[in-house]
Amino acid sequence: MSNYVPPDNNMSSPLRPQRPSQPARRKLPVSPSKASQPSRPSDPKSPQERLRRIREKMQVVAKEYSEREISRAQFNAIYAHYSEQRTIIERILARNPENDGWKSASRSGKTSFLREHFEARPVNYVIYLHRQPTPLMGGGTRPDMNRIGGLLKALWGMDKVKIGVARMALSAPQWMVMAAGHRSVTFVTFHLEPSGIQTNHVYDLHNDFERANHILLQREQVNKAQLVFPQRSLLENKT
């Protein structure tokens, strides 16, 4: 049940057909006066206005986490950043209300780095057909096959396989997402804890895998060369 074949040894998915060439589209000139310009909020004119904006951003981050748009690590890092900014500005004002040091203490731009730095990244995936001990497809680094073997044993020990998605912590800082369908199960390992949106994305990819290959997966002998694997997109264009 814990057998694993590296991705470059009968684990790579079929080559995608190349998109047929199309004539280049002629770009129409755009008038500078009509060109859309991204709007940016003006700099705060007072420390009180800056504190209000920081508080609003803290509320937005809390809302993002409640709606599972960001992970716990992203929330902690971004919220701590805003909290530090707020504390510094409040201390400056308490000591000297005329001090304009609050301007340098409230410079923006770091949160984008924090979001990206603490965003979970998929490092591998493995797909199993139900009751088949050998993986059908996989990609990326070698997964924790001992953990996968235990999960498969528990999943297949049920009278009826439970359909759904779950995530679990592995050895820090790795996490695993398991998405089970009617005919197969996908395991994806992430570096750092995935957000709820990322977890649901894995589940959607797995459902699309079963939906796209519905007829082929019903056959007694499944030829993976005839299948499509949406899970591949997790590792494509990753640097």
Side-chain angles (χ1 to χ4, degrees), residues 2-19 64-65 67-75 112 114-130 132 134-152 155 161 163-214 216-217 222 224-239:
S2 59
N3 296 335
Y4 179 74
V5 183
D8 57 353
N9 183 11
N10 297 326
M11 287 289 285
S12 58
S13 53
L15 295 177
R16 289 184 174 179
Q18 294 184 351
R19 179 179 299 177
E64 287 179 326
Y65 180 73
E67 296 177 351
R68 306 180 71 193
E69 295 180 5
I70 59 176
S71 68
R72 184 184 296 108
Q74 288 175 304
F75 171 82
S112 297
L114 294 175
R115 286 178 184 274
E116 181 178 355
H117 183 72
F118 288 96
E119 181 182 26
R121 289 173 171 79
V123 295
N124 62 58
Y125 71 89
V126 184
I127 307 168
Y128 284 83
L129 297 178
H130 286 324
Q132 298 295 323
T134 302
L136 174 69
M137 180 60 65
T141 61
R142 181 181 178 86
D144 185 343
M145 298 308 296
N146 290 330
R147 177 62 67 91
I148 289 177
L151 292 171
L152 288 176
L155 185 68
V161 173
I163 308 302
V165 64
R167 61 179 175 175
M168 61 219 73
L170 303 177
S171 299
Q174 291 194 331
W175 283 67
M176 179 176 287
V177 173
M178 180 183 73
H182 294 282
R183 298 186 178 277
S184 59
V185 57
T186 294
F187 298 93
V188 179
T189 305
F190 284 86
H191 177 78
L192 300 180
E193 178 187 4
S195 66
I197 286 181
Q198 289 176 307
T199 301
N200 290 338
H201 180 57
V202 172
Y203 189 51
D204 289 341
L205 290 175
H206 182 79
N207 285 336
D208 289 342
F209 164 74
E210 293 204 346
R211 184 177 296 110
N213 302 301
H214 175 67
L216 297 173
L217 293 177
V222 176
K224 72 177 183 181
Q226 298 176 332
L227 305 178
V228 293
F229 298 92
Q231 295 90 333
R232 291 181 60 199
S233 64
L234 288 167
L235 303 183
E236 289 184 344
N237 302 321
K238 304 296 181 184
T239 57

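Every value quoted in this text rests on a predicted model; they were computed, and no experiment measured them. Counting begins at 1 with the first residue of the sequence.
- Across all non-hydrogen atoms, the minimal contact from E210 to L217 is CA-CD1, 4.0 Å.
- Residue L216 comes nearest to V222 through the heavy atom pair O-CG2, 3.9 Å, listed as atom of the first residue, atom of the second, then distance.
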(request) Would you check, one step at a time, whether the test side chain to side chain contact (heavy atoms under 4.5 Å, CB included) holds for H130 with V185? (result) CA-CA 7 Å; H130 286 324; V185 57; 4.2 Å; yes
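- In this structure, Q174 CD and T189 OG1 are separated by 6.0 Å, a value rounded to the nearest 0.5 Å.
- For N213 against L227, the heavy-atom pair with the smallest separation is OD1-CA, 3.4 Å.
- Not a single donor-acceptor pair under 3.5 Å links the side chain of R183 to the backbone N or O of G181.
- A 4.5 Å side-chain heavy-atom check between T186 and L205 finds every atom pair outside the cut-off.
- Here NE2 of H206 is found 12.0 Å from CZ of F229. Values are rounded to the nearest 0.5 Å.
- The CZ atom of R147 sits 11.0 Å away from atom CE of M178, with the distance rounded to the nearest 0.5 Å.
- Atom OG1 of T199 is separated from atom CZ of F190 by 6.5 Å, given to the nearest 0.5 angstrom.
- Side-chain contact between H201 and L234: present, with at least one pair of heavy atoms (C-beta onward) separated by less than 4.5 Å.
- Taking every heavy atom of both residues into account, P122 and L235 meet most closely at O-CD2, 3.5 Å.
- Between the OH atom of Y125 and the OG atom of S233 there is a distance of 9.0 Å, given to the nearest 0.5 Å.
- In terms of heavy-atom proximity, A180 sits nearest to Y203 at O-CE1, 3.9 Å.
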(message) side chain to side chain contact (heavy atoms under 4.5 Å, CB included), that's the test. Do D144 and F187 meet it? Break it down for me.
(response) CA-CA 10 Å; D144 185 343; F187 298 93; over 6 Å; no
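- Looking at H191, its side chain never comes within 3.5 Å of a backbone N or O of V123 through a donor-acceptor pair.
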(request) Show the numbers, then the answer: is there a side chain to side chain contact (heavy atoms under 4.5 Å, CB included) between L155 and Y128? (result) CA-CA 12 Å; L155 185 68; Y128 284 83; over 6 Å; no
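- For the pair F209/L136, a side-chain contact is recorded, criterion being any heavy-atom separation below 4.5 Å from C-beta on.
- Nearest heavy-atom pair across R121 and E119 is NH1-O, 3.1 Å.
- Of the possible donor and acceptor atoms, one in the side chain of R167 sits under 3.5 Å from a partner among the backbone N and O of P194.
- With values rounded to the nearest 0.5 angstrom, Q74 atom CD is found 10.5 Å from E116 atom CD.
- The side-chain contact (heavy atoms from CB on, under 4.5 Å) with P135 is formed by just one residue from the set I148, I127, L129, V126; it is V126.
- Taking the side chain as every heavy atom from C-beta outward, H182 and I163 approach each other to under 4.5 Å.
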